[in-house]
Amino acid sequence: MPERPVKISDCPRLPTMTVTTRFAPSPTGYLHIGGARTALFSYLYAKRHSGRYLLRIEDTDRERSTDEAVQAIFDGLRWLGLESDVNPPPFQTQRFDRYKEVIAQMLEAGTAYHCYASKAELDEMRTAQMARKEKPRYDGRWRPEPGKILPTPPAGITPVVRFRNPVEGEVIVDDIIKGAIVFANAELDDLIIARGDGTPTYNFCVVVDDWDMGVTHVVRGDDHVNNTPRQINILKALGATPPVYGHVPMILGADGVKLSKRHGAVSVIDYRALGFMPEALLNYLVRLGWSYGDQELFTRDEMIQLFDLERVQKAPARFDMEKAVWVNHQFLKTADPAIVAPEFDWHLRHVGVDPANGPAVVPVIEAQRERCKTLAEMADKSKFFYAELEGYNEKDAAKHFTAEAAVLLDELRARLEALPEWSTLTLHETVNGFAAEKGLNLAKVAQPIRVAIAGMAITPPIDVTLFLLGRDRSLSRLQAAVAYSAAKVGGG
RNA sequence: GCUCCUAUCGUCUAGAGGCCUAGGACGGAGCCCUCUCAAGGCUUAAACCCGGGUUCGAAUCCCGGUAGGAGCGCCA
């Protein structure tokens, strides 16, 4: 993969500044998969440049913010391993004094002013503008201008505070992903930075927070591009240097429509239940909108090593569950089983089975990972190692528990019982030898054994399966199957 | 309506003016291997939104369409 000669990311404007990124969700619901990718990109970019990655909770909307949502965000990020470099993270509601201080300064400096227009008045204004096919925006009726005479403040109304946006010139957002985006100041109206009750609003808090936290690179969803010029103007009014912005496009559902609950799993934590390993989900996510030549699989270190905001796609991408599952499978097949073990353990409990009541999970993972793309599937197909059979798969039993098989199973059971040693080697020799002796294809023997000991015709290689299940369980299940077959055949 | 953004196989993408007869991956189809299911190997179908320009040469640069999307709150 050829490197481009010069990268903006390698030449920061302020070489001595530590790269600082942040992920700033508002706790109004679960951690969305799109949010997780934004967090990933922020994290990767910071780590790539030996910088800091921070979390911030944007809870200024007290109506919709909940403690449960805060917890969901923490849980999701912890599961993914995208935890903040600074803990606990700042909450905006804890910083109201600071915001008020800055607002007071701006009022003093004349970069902000009081506006007494009521909501009803503003609604009326917007409807009229829409009717005239204009962009709905504040008309500046309370904006002080040299020589302008302001109306008398109405009694009994607490004013909001508006930012006094420049009316001339333009703002250039030099987006690291999208390139330069130009906005005319004339298009921007005077946004509210403090509500009637004195609480600050989002666009303002973001600016102050990013400034105070020393954020150098703002990575966020591209639904924020239109906010960016205003935020830059506020920063300039404050005398601060704006950060570098990178707006990442959204993640769409398979049908090309904005991802929603209707598409199934949207919350990060849903992917755990689906059987994804966090590293694999991250791997899929990093490739959704970013690439490094033809490489599909990345370790976390490689991601950190290679990630680059400049190579992030400008167009939205669709979430493809099939490919995500493929990536997960690749991870499962090659990862150190010890890393998979805790998650697999979680899944076994999730399907109602006690991991202590059976073989060690590591060899089970090694035996199953070739045929299981997700841990949910692996847990489901491994239940029989840890709990008694709940019955046989109907089709499999009908197909493999023939009269002939019952005889075979009975004879084989006796041979296995006589085995002095229960190992994959002795098991392999016994079963294969038995089939050869009878002049049968191994499948003829192995399939009935599978159904007998696992309840279904899909298991790892038969010798491995018998070994992992153990002598006692194998023998008793074989016996039960013989009885079952005999009854079935005998009973017609 | 206004502002802003985007456009390569079904999907994720490579592509930085000649290396493109457009590459890889998922998914699809076929074959091989095989104790089940898988895994693996091989083969294969499948795309530059349209129209103009610039250039000896355009998927790539420019302009215009078209189509999608985002934003236009005392939400974040």
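Predicted model only: the values in this text are computed from it and were never measured. In the text below, chain A, chain B and the rest are named by the order of the sequence lines, each starting its count at 1.
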[N] base to [X] side chain: any donor-acceptor pair below 3.5 Å?
X      : N     : answer
A/R318 : B/C12 : no
A/D294 : B/G23 : yes
A/E296 : B/G24 : yes

Within the 4.0 Å heavy-atom criterion, would you say [X] contacts the bases, only the backbone, or no part of the nucleic acid?
X      : answer
A/E322 : sugar-phosphate
A/T199 : nothing
A/K381 : nothing
A/H224 : base
A/R64  : base
A/K444 : nothing
A/A446 : base
A/G256 : nothing
A/I462 : base
A/Q313 : sugar-phosphate
A/F183 : sugar-phosphate
A/V182 : sugar-phosphate
A/K323 : base
A/D197 : nothing

With the side chain counted from C-beta on, respond yes when A/K438 and A/V445 share a heavy-atom pair under 4.5 Å apart, and no when they do not.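 No, side chains not in contact.
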
If you measure from the [atom1] atom in [N] to the same atom in [M], how many Å do you get, rounded?
N     : M     : atom1 : value
B/A22 : B/C9  : C1'   : 10 Å
B/G40 : B/C72 : P     : 47 Å
B/G10 : B/G28 : P     : 16 Å
B/C2  : B/U13 : P     : 31 Å
B/C50 : B/C32 : C1'   : 45 Å
B/U6  : B/G18 : P     : 23 Å
B/C49 : B/A58 : P     : 16 Å
B/G41 : B/C33 : C1'   : 8 Å

Contacts of type ring pair (Phe, Tyr, Trp, His ring centres under 6.0 Å), residue A/F384, not counting sequence neighbours: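 In terms of ring pair (Phe, Tyr, Trp, His ring centres under 6.0 Å), with neighbours along the sequence ignored, A/F384 is linked to no residue.
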
Of all residues at least two apart in sequence or in a different chain, which pass the ring pair (Phe, Tyr, Trp, His ring centres under 6.0 Å) check with A/W211?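 If we apply the ring pair (Phe, Tyr, Trp, His ring centres under 6.0 Å) test to A/W211, skipping adjacent residues, there are no hits.
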
Counting just side-chain N and O atoms, does A/K373 come under 4.0 Å of either OP1 or OP2 of B/A39?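 Result: yes.
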
Would you please confirm or rule out a distance under 4.0 Å between OP1 or OP2 of B/G73 and any side-chain N or O of A/R126?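 Looking at the OP1 and OP2 atoms of B/G73, one of them is under 4.0 Å from a side-chain N or O of A/R126.
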
Any strand counts, and the cut-off is 3.5 Å on both contacts for Watson-Crick or G-U wobble. Which nucleotide pairs with [N]?
N     : result
B/G64 : B/C50
B/A25 : B/U11
B/U3  : B/A70
B/C56 : B/G18
B/U34 : none

Nucleotide nearest [X] when distance is taken to its side chain, options [options]:
X      : options             : result
A/D320 : B/G24, B/G10, B/A70 : B/G10
A/T60  : B/A76, B/G1, B/G27  : B/A76
A/S291 : B/G73, B/A14, B/A70 : B/A14
A/P461 : B/C12, B/A38, B/U36 : B/U36
A/I192 : B/A76, B/C74, B/G71 : B/C74

Is the cationic atom of A/R220 (NZ for Lys, CZ for Arg) positioned less than 6.0 Å from the six-membered ring centroid of A/Y245 and within 45 degrees of its normal?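 Relative to the ring axis of A/Y245, which defines the angle, A/R220 lies outside at least one limit.
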
Hey, which sits more toward the 5' end of RNA chain B by its nearest nucleotide, A/N226 or A/M130?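 Comparing both residues, the 5'-ward one is A/M130.
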
Can you label the angle between the A/F298 ring and the A/W290 ring as parallel, tilted or perpendicular, going by 30° and 60°?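 A/F298 and A/W290: tilted rings.
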
Run the ring-centre check on [X] versus [Y] and record whether the distance is less than 6.0 Å.
X      : Y      : result
A/F307 : A/F41  : yes
A/Y202 : A/H224 : yes
A/Y113 : A/W142 : no

